[in-house]
Amino acid sequence: MLRLTIKENGHERTEMLTDDVVRVGRSDENTIEIDDLNSSRFHCEIREMDGQYEVVDLGSRNGTAVNGNIVSRSPLEVGDRIEIGKAVLLIEPDGAVRAAVPEKDIFSGFAEIFRSINADIPLRPLLERIMDAAVWMTSAERGFLILSEGGRMRIKASRNIDRETIKKADFKISRSIAQVVVNTGEPLVCSDAQEDTRFRGESVYGLKLRSVLCVPFRVRGRLRGVLYVDHRFERGIFTEEEMKRLQGLSDLSAVAIEQARLLEESGRHRADLTSAREAFQQLKGKIQEERGRDEEEIALHRGQILDETPLRYQYEEIVTRSPKMRQVLALVDRVTDSRVSVLVQGESGTGKELIARAIHFNSPRKHKPFVSENCAAVPSELMESEFFGYVRGAFTGAVKDTRGLFEVADGGTLFLDEIGEMSRKLQGKLLRVLQDGEVRRIGSKETIRVDVRIISATNRDLQAATKAGEFREDLYYRLKVIQVDLPPLRERKEDVPLLVEHFLERAWKRTGGERRTIDDRAVSILRASHWRGNVRELENELERALALSGDVITPAHLSPSLTTAQDDLPIMRGGRSLKELVGEATESVERRAILEVMESTDWKKARTAEILGVSRPTLDTKIEKYGLGEEIARSKRSAAASKAQGGSA
């Protein structure tokens with residue numbers, strides 16, 4: 001009998017050629033599984049007849065090589081090298097049975113387990129140490145800890161001779177042998193499981209097991225499972241001595257495992273307590289926030305928040321009644337007529353370009369160009385020519401004179417978004433233009449006078465960037481003669497209902513048809529959301545809801561991540577009875593659950609009904625009751641179109 005050493009992906013393992021035919025390939029149906037994309041599902045076979053071995057290729061995609069030569073069939077000898085993709089299989093003579101572990105080393109193994117008991121090691125690493133010790137102490141090939149849970153045998157840990165976790169361990173053991181030990185409470189030794197009449201016809205034949213040793217695993221005197229070791233290629237390696245060692249290890253390990261389990265359970269309790277405290281603090285904060293909103297609403301109605309001083313200009317595109325935004329517009333009001341540079345800072349999606357456009361189109365420059373450029377969207381090597389232009393022949397591809405952004409915006413406003421992403425080299429050239437009011441095209445020696453007002457915007461902290469040396473300090477102060485700080489949407493939630501109506505009105509004007517409405521519950525959910533993407537995220541959410549809804553947008557049409565906040569919203573409004581409130585909440589949950597499960601099952605009603613625990617007719621009744629038929633059909637068409645697009649790509 002020969003031995004096969006498999007080397008792949010930096011790992012090495014050994015298999016004995018015990019069968020007449022050993023199939024090799026990528027599928028787990030093979031005798032030897034190769035984890036290499038260049039391997040075919042069933043790649044080749046190693047066959048033995050009368051002590052002679054040969055390899056036969058099974059029509060593989062990339063071929064089978066022996067000692068560097070592609071073959072369809074080739075005899076094998078000790079020392080031959082089979083190559084499948086990057087995997088290498090070495091033919092070696094069968095090694096001798098490993099020598100017994102010295103008694104003094106056994107004591108050190110037990111001492112290691114003792115140390116683990118006192119070291120507060122987490123359960124998973126502890127189980128791996130125990131199983132490694134079990135394999136080593138008994139000279140086994142593999143080891144398994146199998147516990148009985150809810151009437152079923154479950155493998156809690158598995159390790160092989162190379163100290164690796166065994167893949168698909170559930171299919172690698174004889175459950176019949178383990179069950180005998182569980183039933184009798186006595187250890188069991190098989191010198192040759194293939195010949196043992198007690199297990200004839202059992203899984204040992206399919207698993208090709210030889211030596212098997214299995215001992216009871218008890219916790220506080222109660223049988224909880226078994227400790228199981230085996231060797232698939234050598235007979236009779238487990239003696240009375242190995243059985244005593246394994247039983248001793250089992251009894252000692254039970255103490256360590258129980259302690260680790262209790263520690264983990266205690267840790268979970270502490271984590272649950274911490275989570276409960278955090279949830280309480282969050283709930284407390286939400287109550288305070290809701291109270292603050294109510295007070296704010298009262299103050300708004302009384303006219304105590306908004307400064308009634310009229311603004312000089314109209315800001316039709318900026319939808320707000322927020323005091324913070326009112327302060328922003330008051331500042332914009334004062335700087336609009338000047339020519340000073342303005343730096344607009346705020347998170348992404350807060351409307352920085354809207355502020356820039358408001359300044360320009362209310363200023364004396366409104367009849368001149370408003371030119372917008374995103375500095376993060378232009379490659380650094382092209383940015384200079386984009387800003388300053390170039391003359392014909394200045395570089396390869398410069399076939400004609402071309403104006404830069406400064407010339408295009410002459411007399412008007414140049415809006416530079418994401419100014420913080422501009423390279424240091426271009427920062428210096430921009431500073432020179434701001435100081436001199438002149439630009440020079442690439443490849444030209446002539447300067448051109450320009451009159452441009454700069455409004456820049458960023459979501460970065462430019463002051464911190466200057467301290468870190470990432471942005472020129474002199475340019476920073478040139479750009480922020482006036483700084484406008486835009487608040488995020490979460491700090492102006494009173495604007496959410498106004499923005500919702502604004503976006504619905506705009507969608508109606510754009511598409512025509514019937515006006516859409518949104519119910520109060522959905523508005524409450526939108527208002528309670530955090531909106532990390534600010535106004536832009538809210539607009540996208542409304543577009544999504546419009547695509548999914550009919551005449552009225554309800555909470556069921558909102559993203560699941562938003563509707564989870566529904567439980568935190570006040571529900572006692574309008575004097576409704578408890579029965580009405582519960583019925584309404586139940587319908588909302590049922591409606592959302594049906595849609596989510598339908599989507600997860602690829603719109604299969606039978607499977608959806610099974611998961612939800614209702615009959616198919618009941619599911620159909622609820623779909624009709626909640627008017628989900630059209631929405632489900634639309635979602636199915638959308639999913640099919642997406643799948644078709646993916647297939648064509």
Side-chain angles (χ1 to χ4, degrees), residues 341-361 365 368-444 446-466 468-481 483-484 486 533-534 536:
S341 299
V342 178
L343 174 63
V344 186
Q345 284 199 286
E347 295 179 7
S348 178
T350 50
K352 296 185 287 294
E353 185 167 351
L354 282 179
I355 293 295
R357 288 182 175 276
I359 293 174
H360 171 77
F361 288 106
R365 296 172 177 261
K368 295 293 184 178
F370 176 84
V371 179
S372 175
E373 183 61 77
N374 188 326
C375 298
V378 181
S380 56
E381 62 272 15
L382 301 178
M383 197 172 283
E384 185 174 353
S385 61
E386 185 79 8
F387 273 77
F388 307 122
Y390 51 85
V391 297
R392 179 183 178 185
F395 48 81
T396 303
V399 296
K400 63 178 181 178
D401 292 355
T402 301
R403 296 188 301 164
L405 294 177
F406 277 94
E407 289 185 70
V408 174
D410 188 24
T413 302
L414 178 57
F415 174 60
L416 302 178
D417 199 6
E418 304 294 348
I419 188 71
E421 307 305 318
M422 182 178 287
S423 68
R424 290 277 299 187
K425 177 182 177 182
L426 194 62
Q427 288 174 29
K429 297 192 175 186
L430 175 59
L431 177 64
R432 196 157 50 245
V433 175
L434 296 180
Q435 290 171 337
D436 302 338
E438 294 179 343
V439 296
R440 186 169 63 191
R441 295 180 182 176
I442 297 175
S444 174
E446 298 180 3
T447 59
I448 302 171
R449 295 289 302 178
V450 291
D451 173 21
V452 176
R453 183 179 190 178
I454 299 293
I455 301 178
S456 51
T458 181
N459 57 16
R460 295 182 59 189
D461 184 345
L462 283 192
Q463 189 169 14
T466 60
E470 299 170 356
F471 199 84
R472 291 183 63 123
E473 188 174 19
D474 45 4
L475 177 59
Y476 169 62
Y477 288 113
R478 279 275 183 178
L479 293 174
K480 66 154 283 186
V481 177
Q483 180 169 315
V484 176
L486 289 182
N534 294 291
R536 185 181 299 125

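In what follows, residues are counted from 1 in the order of the sequence shown. Given the structure is predicted, the values throughout are model-derived calculations rather than measurements.
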Identify the two heavy atoms, one from [X] and one from [Y], that lie closest to each other, and give their separation to 0.1 Å.
{"X": "Val391", "Y": "Ser444", "value": "CG1-CB, 3.6 Å"}
{"X": "Lys352", "Y": "Gln345", "value": "CD-C, 4.3 Å"}
{"X": "Phe415", "Y": "Ala356", "value": "CD1-CB, 3.4 Å"}
{"X": "Thr466", "Y": "Arg472", "value": "CG2-O, 4.1 Å"}
{"X": "Ser456", "Y": "Leu479", "value": "OG-CB, 3.9 Å"}
{"X": "Met383", "Y": "Cys375", "value": "CE-O, 3.0 Å"}

Taking the side chain as everything from C-beta on, heavy atoms only, tell me whether [X] gets closer than 4.5 Å to [Y].
{"X": "Ile455", "Y": "Ile359", "answer": "yes"}
{"X": "Phe406", "Y": "Leu430", "answer": "yes"}
{"X": "Val378", "Y": "Phe387", "answer": "no"}
{"X": "Lys480", "Y": "Leu462", "answer": "no"}
{"X": "Thr447", "Y": "Asp436", "answer": "no"}
{"X": "Arg453", "Y": "His360", "answer": "no"}
{"X": "Val452", "Y": "Leu405", "answer": "no"}

Say you draw a straight line from [atom1] of [X] to [atom2] of [Y]; how long is it, rounded to the nearest 0.5 Å?
{"X": "Asp417", "Y": "Glu373", "atom1": "CG", "atom2": "CD", "answer": "9.5 Å"}
{"X": "Glu421", "Y": "Leu416", "atom1": "CD", "atom2": "CG", "answer": "13.0 Å"}
{"X": "Asn459", "Y": "Ser348", "atom1": "CG", "atom2": "OG", "answer": "6.0 Å"}
{"X": "Ile355", "Y": "Leu486", "atom1": "CD1", "atom2": "CG", "answer": "5.0 Å"}
{"X": "Ile454", "Y": "Leu434", "atom1": "CD1", "atom2": "CG", "answer": "5.5 Å"}
{"X": "Leu475", "Y": "Arg432", "atom1": "CG", "atom2": "CZ", "answer": "12.0 Å"}

If you count the non-hydrogen atoms of other residues, nucleotides and ligands that lie under 6.0 Å from [atom1] in [X], is the total more than 12?
{"X": "Glu473", "atom1": "CD", "answer": "no"}
{"X": "Arg392", "atom1": "CZ", "answer": "no"}
{"X": "Gln435", "atom1": "CD", "answer": "yes"}

Only counting residues at least two apart or in another chain, list the ones meeting salt bridge (Lys or Arg N to Asp or Glu O under 4.0 Å) with [X].
{"X": "Arg478", "value": "none"}
{"X": "Glu407", "value": "Arg441"}
{"X": "Arg365", "value": "Asp451"}

Angle class for the Phe370/Phe361 ring planes (parallel below 30°, perpendicular above 60°, tilted otherwise)?
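Rings of Phe370 and Phe361: tilted, as their planes differ by 30° to 60°.
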Relative to the ring of Phe471, is the ring of Tyr476 parallel (under 30°), tilted (30 to 60°) or perpendicular (over 60°)?
perpendicular
With no hydrogens and no angle check, is any side-chain donor or acceptor of Asn534 less than 3.5 Å from a backbone partner on Arg536?
no
